[in-house]
Amino acid sequence: MDFHRSTLVAQAAALASGRITSVQAVAESLDRIEKSQPTLNAFRLVRRSAALAEAAEADRLRAAGDAAPLLGVPVAVKDDVDVTGEPTAFGCAGDFPPAATDSEVVRRLRAAGAVIVGKTNSPELGQWPFTGGTFGHTRNPWDRERTPGGSSGGSSAAVAAELVSAALGSDGAGSVRIPASWTNLVGIKPQRGRISSWPEPEAFNGITVIGPLARTVADAALLLDVVSGSHDGDLHRPAPLTVSDAVGRDPGSLRIALSLRKPFIPTPAPLDPEIVGAAYEMSAVLRLLGHRVVVDDPAYGMLLGLNFLPRSLAGVATWLDRLPDPSLADPRTRANAKSGRALAGAPLRAARAAEPRIGRRIGRFFDEYDIVLAPTTATPPPRIEAIDGISNADTDRVITEHCPYTWPWNVLGWPSVNVPAGFTAGGLPIGLQLMGHESSEPLLVSVAAQLENVLQWHRKRPDPWWTQVSETS
């Protein structure tokens, strides 16, 4: 079989049937990663020796009768979670010690039998929807001059380039959904607390969650299920649920709001016409599937934006203080951390106190609708160097021009799923997000699977330039 081109579900089945061993599968993944690194640069570090040893152990366990759901499957994680024996740089310069223990999500991934082949690139502290900085630019498999997005751009590039069939990212303002949008992937931002953030009781004051990236809905749902669950120390512990069984389930006829208006955000840039066209085309598909789609917008309001900033910037300040040498950080990071310290007192407390009120106000929109369909980004992927060497204010302008749509659901803590929505005339991926109320992952997954069944986005793959070119990035 052509293992690397297979889905996560198919890879797990192939290993279970004995058609391939884990050592063979992991070695193939590692070889592809290492060949791509000089150009694609999806990985911060590659665990060749450790991963091959873990693959051999997976084969031994399989022979002894173990049937863990991902036993022996190669996967990747973003470099913001701890993997025992590896540093967690999170895009930052410095001499980081190896982690003494796994993060809870990594522990669950290992318990499911997966082999972690490496940790993927992120921008510094996950702040920007571009993956570049200390460890160089990660490039988009669909266009080497474009960013794959961020901050989970390394994970999205690795999956889109078929280096692994699925990977974990994290999403604090769209950092799973944005790169999924720009690389033709499914990306799930789950309900806050669905996947444990431990050893953090919550990440970035509750706005950041961990989520899967994959080529298919079934793959993303499977990865979400195997890593979901709480740790005793988590601040957010939603009732358990499974989403894989929603793939293929008929959700019935739903009321869907098509929302193109940007949430409160200071940017004059218009929504790209090709993304508008893709949104209306997907609305037409949803209608053919039996859903009612009307144009309407949640009442986001200014308070939602004021809620986001203290939580985000105070989180940057907390992370910066942990770095081995904070002076090595990007000047923009240090400036954001300074603002975060100023906001970490009364403004942060006020933001957290306002959460229930904001949730109730926007939640009333779901009295009329089951799902919101909205753009994931306002533009196709920009060039990789778009924020290099510019001021903090200019960086913020670039970010808000391209990515004004995803952050409200981080404030609310509710689930959202990016689904591929075609390509621009120039061949760049477009994504749209299905946004739900609290703990609505199964509903969103069932609709996403309906769309995939019609649109077949997973069948379109980028031309693998990263296997043919050997110049450095």
Side-chain angles (χ1 to χ4, degrees), residues 171 173-174 177 188-194 206-207 209 211 217 224 236-243 245-246 249-265 271 276 279-280 282-308 311 350-376 404-419 421 432-451:
D171 190 314
R177 291 162 288 160
I188 301 178
K189 175 216 168 297
Q191 175 69 29
R192 181 184 299 150
R194 179 72 58 217
I207 61 173
V209 300
V217 176
L224 175 59
H236 309 283
R237 304 180 69 181
L241 54 76
T242 59
V243 296
D245 53 8
R249 180 193 300 160
D250 183 358
S253 179
L254 302 177
R255 305 161 299 167
I256 299 175
L258 171 61
S259 177
L260 300 180
R261 184 175 67 84
K262 295 176 184 176
F264 169 75
I265 199 161
L271 176 61
V276 174
Y280 279 104
M282 187 165 283
S283 297
V285 173
L286 288 165
R287 290 189 183 101
L288 289 172
L289 289 167
H291 305 299
R292 182 173 70 91
V293 184
V294 299
V295 177
D296 203 353
D297 301 298
Y300 290 114
M302 185 180 298
L303 185 60
L304 194 70
L306 296 176
N307 190 284
F308 176 80
R311 297 164 72 174
R352 300 310 298 266
E355 281 184 69
R357 179 160 35 106
I358 293 171
R360 286 192 298 270
R361 176 168 54 79
I362 296 179
R364 285 194 288 270
F365 194 69
F366 289 91
D367 292 340
E368 297 183 49
Y369 301 102
D370 300 297
I371 289 176
V372 179
L373 173 68
T376 303
Y405 283 101
T406 47
W407 61 272
W409 251 241
N410 295 89
V411 173
L412 295 164
W414 299 341
S416 177
V417 178
N418 177 80
V419 291
L432 299 171
Q433 53 177 335
L434 301 169
M435 304 149 70
H437 202 287
E438 185 173 2
S439 294
S440 59
E441 292 100 322
L443 180 66
L444 300 179
V445 162
S446 67
V447 176
Q450 282 187 317
L451 290 167

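- Judged purely by atom type and a 3.5 angstrom limit, K189 has no side-chain atom pairing as donor or acceptor with the backbone of A173.
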task = Start with the C-alpha gap between W414 and I362, add the side-chain angles, then the distance that decides, and say whether side-chain contact (heavy atoms from CB on, under 4.5 Å) holds.
result = CA-CA 11 Å; W414 299 341; I362 296 179; 4.1 Å; yes

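- With hydrogens and angles disregarded, no donor-acceptor distance shorter than 3.5 Å links the side chain of Q433 to the backbone of R177.
- To the nearest 0.5 Å, the span separating NE2 on H437 from CH2 on W409 amounts to 8.5 Å.
- For the pair R194 (side chain) and A239 (backbone), a donor-acceptor distance under 3.5 Å is present.
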query = Given L258 and V294, is the side-chain contact (heavy atoms from CB on, under 4.5 Å) satisfied, shown in steps?
reply = CA-CA 6 Å; L258 171 61; V294 299; over 6 Å; no

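- Under the 3.5 Å distance criterion, the side-chain polar atoms of Y405 are matched with a main-chain donor or acceptor of L260.
- Nearest heavy atoms, A246 versus V445: CB-CG1, 4.2 Å.
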Candidate pair L451 and L434, rule side-chain contact (heavy atoms from CB on, under 4.5 Å), full reasoning = CA-CA 11 Å; L451 290 167; L434 301 169; 4.3 Å; yes

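- In this structure R255 satisfies the salt bridge (Lys or Arg N to Asp or Glu O under 4.0 Å) test together with D370, sequence neighbours excluded.
- The CE atom of M282 sits 13.0 Å away from atom CZ of R287, with the distance rounded to the nearest 0.5 Å.
- Between the side chain of T406 and the backbone N or O of T376, no donor-acceptor pair lies under 3.5 Å.
- Applying the side-chain contact (heavy atoms from CB on, under 4.5 Å) test between P442 and each of V447, D245, L241, T242 identifies L241 as the sole match.
- Inter-residue side-chain proximity for R311 and R352 is flagged as met; some heavy-atom pair is nearer than 4.5 Å.
- Going from atom CG of N410 over to atom OG of S416 covers 8.5 Å, rounded to the nearest 0.5 Å.
- At least one donor-acceptor pair under 3.5 Å links the side chain of S253 to the backbone N or O of G290.
- Taking OG of S446 as the reference point, atom CG of D250 lies at 8.0 Å (rounded to 0.5 Å).
- With P415 as the partner, the side-chain contact (heavy atoms from CB on, under 4.5 Å) test is satisfied by one option alone out of S440, P190, S439: S440.
- Atom CZ in F366 sits 7.0 Å away from atom CE in M435 (nearest 0.5 Å).
- Salt bridge status for E355 with R192: present, with a side-chain N to carboxylate O gap under 4.0 Å.
- For the pair D296 and S259, the minimum side-chain heavy-atom distance is 4.5 Å or more.
- W407 pairs with exactly one of L304, L412, I207, D171 by the side-chain contact (heavy atoms from CB on, under 4.5 Å) rule, that one being L304.
- Here E441 contributes atom CD and I188 contributes atom CD1; the two are 8.0 Å apart, rounded to the nearest 0.5 Å.
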ask   = Could you walk me through whether V372 and I256 pass the side-chain contact (heavy atoms from CB on, under 4.5 Å) check?
value = CA-CA 6 Å; V372 179; I256 299 175; over 6 Å; no

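- Contact between A351 and N307 at its shortest, heavy atoms only, is O-ND2, 2.5 Å.
- Side-chain contact, H291 with Q450: a donor N or O sits under 3.5 Å from an acceptor N or O.
- Using a distance-only test at 3.5 Å, with no hydrogens or angles considered, no donor-acceptor pair links the side chain of R261 to the main chain of A299.
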